[in-house]
Amino acid sequence: MFSPADLSNRLVLAIPKKGRLYEKSLQLLAGADIQFYRKNRLDIALSTNLDVALVFLPASDIPKFVSDGTVDLGITGQDVVKEARADVDEVLALGFGQCDLCIQVPEASGITDPKHLVGKRIVTSFENIAGEYFAELDKQQAATKETTVSFVSGSVEAACALGLADAIVDLVESGETMRAAGLQRIHTLVSSQAVLIANKRRLHPELAAKITSRIRGVILAGKYVYCNYNVPRSKIDEAFKVTPGRKAPTVAPLENGDWVAVSVMVKKSEVAEKMDRLEELGATDILVFSISNCRE
Ligand SMILES: Nc1ncnc2c1ncn2[C@@H]1O[C@H](COP(=O)(O)OP(=O)(O)OP(=O)(O)O)[C@@H](O)[C@H]1O
Ligand SMILES: O=P(O)(O)OC[C@H]1O[C@H](OP(=O)(O)OP(=O)(O)O)[C@H](O)[C@@H]1O
């Protein structure tokens with residue numbers, strides 16, 4: 001058991017306790033070397049190498065706790081930050097948990113425009129975002145009957161089939177859940193990804209900055225690979241156009257005269273195509289290494 005005194009001098013960092021963001025959040029902690037021991041079934045763990053207490057909370061509760069200062073930093077989705085209307089700083093987009101909050105209607109309904117839903121029934125777990133959107137639409141369309149927005153906490157996709165809704169507002173990533181329920185998207189309300197959020201008053205500014213910087217490094221390292229190749233000195237300008245690097249490539253002369261060795265960071269998503277182009281240019285010994293961590 002922990003008491004508030006155990007946490008009093010520590011920065012409190014909230015992590016989703018389950019769901020889509022859980023695994024990736026743990027990977028970020030590991031990459032940032034925030035070590036901890038979590039006792040079975042306990043939602044609070046003290047870091048063993050930093051003055052940090054970790055709390056494992058439902059993703060949708062994290063914005064409120066960060067906003068009121070119970071928690072200093074948190075990882076959650078931009079969608080739930082908007083839904084909670086939380087007054088927090090979005091410090092860093094984390095590049096995972098991408099999804100869209102969409103209006104979805106039954107494929108057979110013939111509805112293609114949100115305007116067609118005015119006066120009808122909407123079911124969602126995002127009643128603030130959906131409520132605001134449809135209230136505005138009602139106003140624009142001078143609706144004679146209000147659109148109703150009702151809350152359910154899960155299995156939103158079942159609402160149309162159960163006869164509870166004419167449309168739903170829910171998250172879509174691959175679209176598999178939506179299609180399986182015979183639904184199609186007609187409008188996107190929010191595009192979201194996981195984000196690091198911070199309390200605006202920041203009780204532990206230095207530690208918060210250190211953690212943010214470490215997490216930024218882990219994300220950056222995941223986006224880039226390190227590439228080494230040898231190329232004739234006469235081809236350097238062309239090679240630099242292919243791999244300009246984040247600042248500039250490092251160049252070292254090779255012992256055998258007219259060749260140089262180039263080391264450069266390359267976006268992971270572009271590396272295969274860049275290797276093809278380097279090979280066409282006459283580069284040899286093109287090696288690619290993964291980066292486990294870095295700082296800008
Ligand atoms: N299919 C998805 N792909 C990517 N990210 C998602 C997806 N679904 C949800 N997310 C993101 O993960 C967050 C948490 O959603 P998730 O469905 O994992 O919640 P949960 O912790 O299981 O809570 P709940 O009990 O409310 O379902 C969402 O707010 C959203 O930002
Ligand atoms: O477009 P897709 O890739 O199918 O993803 C969308 C689904 O993912 C989320 O639910 P999740 O599977 O996390 O379960 P939940 O409904 O229990 O939150 C979301 O609520 C959708 O139902």
Side-chain angles (χ1 to χ4, degrees), residues 13-29 38 41-45 54-67 70-71 73-107 122-133 149-162 164-198 215 219 222-223 269:
L13 170 60
I15 304 297
K17 67 182 287 182
K18 63 180 178 70
R20 298 278 185 156
L21 306 181
Y22 174 70
E23 285 295 335
K24 287 269 172 58
S25 300
L26 286 191
Q27 284 168 19
L28 276 190
L29 295 187
R38 185 181 177 191
R41 304 205 57 77
L42 259 193
D43 286 333
I44 299 182
L54 294 157
V55 277
F56 295 82
L57 299 171
S60 52
D61 286 345
I62 290 176
K64 176 168 56 78
F65 285 125
V66 173
S67 155
T70 310
V71 163
L73 286 177
I75 294 177
T76 189
Q78 289 170 322
D79 53 343
V80 292
V81 175
K82 281 215 168 72
E83 175 62 16
R85 296 165 169 158
D87 188 20
V88 296
D89 282 339
E90 288 197 18
V91 181
L92 193 60
L94 299 175
F96 62 89
Q98 282 95 347
C99 54
D100 293 331
L101 183 65
C102 298
I103 303 175
Q104 303 167 38
V105 297
E107 280 162 352
I122 315 297
V123 163
T124 184
S125 307
F126 292 82
E127 60 180 340
N128 288 332
I129 295 174
E132 253 171 49
Y133 177 82
V149 174
S150 316
F151 175 82
V152 292
S153 63
S155 301
V156 184
E157 288 87 356
C160 293
L162 291 172
L164 298 173
D166 302 296
I168 63 163
V169 171
D170 199 17
L171 297 172
V172 177
E173 187 212 9
S174 64
E176 211 176 302
T177 311
M178 176 178 74
R179 285 190 293 276
L183 300 168
Q184 63 186 15
R185 85 168 85 181
I186 58 166
H187 187 67
T188 298
L189 298 181
V190 175
S191 286
S192 177
Q193 64 173 297
V195 68
L196 180 70
I197 56 174
I215 292 179
I219 293 166
K223 284 189 191 153
S269 57

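Both counts, for ligands and for their atoms, begin at 1 and track the order of listing.
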Determine if the distance from atom 13 (O) of ligand 2 to the closest protein heavy atom is below 4.0 Å.
yes
What is the distance from atom CD1 of I129 to atom CG of D79, rounded to the nearest 0.5 Å?
6.5 Å
Run the contact test for C99 against ligand 1 with a 4.0 Å cut-off on heavy atoms, strictly below, and give the result.
yes
Please determine if D79 has a nitrogen or oxygen closer than 3.5 Å to a nitrogen or oxygen of ligand 1.
yes
Determine, stepwise, if the pair I219 / L92 fulfils side chain to side chain contact (heavy atoms under 4.5 Å, CB included).
CA-CA 10 Å; I219 293 166; L92 193 60; 4.0 Å; yes
Side chains of Q184 and Q104: donor-acceptor distance under 3.5 Å anywhere?
no
Need the ligand 2 atom indices (1-based, order shown) with element for anything under 4.0 Å from a heavy-atom of S174.
1 (O), 2 (P), 3 (O), 4 (O)
K24, NZ atom: more than 12 neighbouring heavy atoms under 6.0 Å:
no
Among all protein non-hydrogen atoms, which one is nearest to atom 6 (C) of ligand 2, and what is the separation to 0.1 Å?
L171 O, 3.5 Å
Contact atoms of ligand 2, heavy-atom distance to E157 under 4.0 Å:
21 (C), 22 (O)
Quick check: G175 and ligand 2, any N/O pair under 3.5 Å apart?
yes
Is the shortest distance from a heavy atom of G97 to ligand 1 less than 4.0 Å?
yes
Select the closest option to atom 27 (O) of ligand 1 among E173, K82, K24, K18, judged by heavy-atom distance.
K18
So do the side chains of Y133 and H187 get within less than 4.5 Å of each other, counting heavy atoms only?
yes
If you scan protein heavy atoms around atom 7 (C) of ligand 1, the nearest is R20 CG, 3.6 Å
Atoms of ligand 1 close to V80 [distance to a heavy atom under 4.0 angstrom, numbered from 1]
29 (O)
For G77, counting its heavy atoms only, list the atoms of ligand 1 lying under 4.0 Å from any of them.
31 (O)
Can you confirm whether the side chains of D100 and S191 place a donor and an acceptor under 3.5 Å from each other?
yes
Under a 4.0 Å threshold between the charged nitrogen and the carboxylate oxygen, would R85 count as salt-bridged to E132?
yes
Just wondering, do L183 and E107 contact through their side chains at under 4.5 Å, heavy atoms?
no
Which atoms of ligand 1 sit under 4.0 Å from any heavy atom of Q98?
3 (N), 4 (C)
Ligand 1 atoms nearer than 4.0 angstrom to some heavy atom of L171 are 8 (N), 9 (C), 28 (C), 30 (C)
To which of D170, T177, D100 does the heavy atom nearest atom 7 (C) of ligand 2 belong?
T177
Identity of the nearest option to atom 10 (O) of ligand 2, non-hydrogen atoms only, from K18, E173, R20
R20
Trace of the salt bridge (charged side-chain N to carboxylate O under 4.0 Å, His left out) decision for E173 with R20
CA-CA 11 Å; E173 187 212 9; R20 298 278 185 156; 3.8 Å; yes
